[in-house]
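All remarks here apply to the structure that follows.
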Amino acid sequence: QVQLVESGGGSVRIGDSLSLSCVVNGTFDRIGEMAWYRQAPGKSRELVAQLNSDGSSLYASSVEDRCVISADSARTTVHLALNNLKPEDTAVYYCSVVEYGLNSANAHWGQGLQITVSS
């Protein structure tokens with residue numbers, strides 16, 4: 001089975017920079033799309049950044065000018081850098097990857113990390 005383990009973050013201040021990592025463990029044929037989501041209290045989970053198999057990226061409008069998603073060449077680790085943190089960045093952050101088999105595609109999720117941006 002594929003398991004995702006997130007690390008980094010914690011309590012940060014407004015204007016700080018955030019760096020999160022997500023390691024893809026287990027056996028798999030191929031990892032395709034890699035992404036970071038977040039969910040703030042009382043709100044639905046939203047996509048923050050996505051890294052596609054062709055190397056292209058997309059970002060939510062709220063973070064586009066402050067965010068970078070990246071991965072290692074083997075696509076076993078995905079990173080999220082978020083700069084100039086704002087109070088509205090407070091949320092639980094989840095990494096997600098799509099695992100492709102011969103005739104299957106399955107999404108996997110990390111355990112979630114609470115990020116609290118304080119003044």
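Along the sequence shown, the residues carry numbers beginning at 1.
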All N/O donor-acceptor pairs, side-chain side in residues 17-26, below 3.5 Å, sequence neighbours left out:
{"from": "S17", "atom 1": "OG", "to": "N83", "atom 2": "OD1", "distance (Å)": "3.0"}
{"from": "S21", "atom 1": "OG", "to": "H79", "atom 2": "ND1", "distance (Å)": "3.0"}

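- Hydrophobic clustering, with ILVMFWY side chains joined whenever heavy atoms are under 4.5 angstrom apart, keeps Y94 apart from L51.
- In this structure, S56 OG and E33 CD are separated by 9.5 Å, a value rounded to the nearest 0.5 Å.
- Every residue two or more places apart in sequence or in another chain that forms a side chain to side chain contact (heavy atoms under 4.5 Å, CB included) with A60 is listed here: S62, V63.
- Atom CG of residue L82 and atom CG of residue D16 lie 11.0 Å apart, to the nearest 0.5 angstrom.
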Return all side-chain donor-acceptor pairs below 3.5 angstrom for residues 1-10, not counting sequence neighbours, or 'none' if the list is empty.
{"from": "E6", "atom 1": "OE2", "to": "C95", "atom 2": "N", "distance (Å)": "3.0"}
{"from": "E6", "atom 1": "OE2", "to": "G112", "atom 2": "N", "distance (Å)": "3.2"}

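- Separation of atoms CG (L58) and CD (Q50) is listed at 4.5 Å; rounding is to 0.5 Å.
- For A49 against L47, the heavy-atom pair with the smallest separation is O-CD1, 3.5 Å.
- Under a hydrophobic clustering in which Ile, Leu, Val, Met, Phe, Trp and Tyr are joined whenever their side-chain heavy atoms come within less than 4.5 Å, directly or via other members, V92 and V12 fall into different clusters.
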- [ ] Could you go through the side-chain contact (heavy atoms from CB on, under 4.5 Å) check for I69 and Y59 one step at a time?
- [x] CA-CA 9 Å; I69 185 171; Y59 300 93; 3.5 Å; yes
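- Residue pairs meeting the ring pair (Phe, Tyr, Trp, His ring centres under 6.0 Å) criterion with at least one member in residues 100-119, sequence neighbours excluded: Y37-W109.
- Among residue pairs with one or both ends in residues 53-72, those qualifying as salt bridge (charged side-chain N to carboxylate O under 4.0 Å, His left out) are R66-D89; sequence neighbours excluded.
- For E46, the side chain to side chain donor-acceptor pair (under 3.5 Å) partners at least two apart in sequence or on another chain are R38.
- The shortest side-chain heavy-atom distance between R13 and V117 does not fall under the 4.5 Å cut-off.
- Between P87 and I14 the shortest side-chain heavy-atom distance falls below 4.5 Å.
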Task: Criterion side-chain contact (heavy atoms from CB on, under 4.5 Å) on V97 and F28, from CA distance to verdict - done: CA-CA 11 Å; V97 306; F28 55 87; over 6 Å; no
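- Here L80 contributes atom CG and M34 contributes atom CE; the two are 12.0 Å apart, rounded to the nearest 0.5 Å.
- Taking all atoms of both residues into account, the shortest heavy-atom contact from R30 to S53 is NH1-OG, 4.0 Å.
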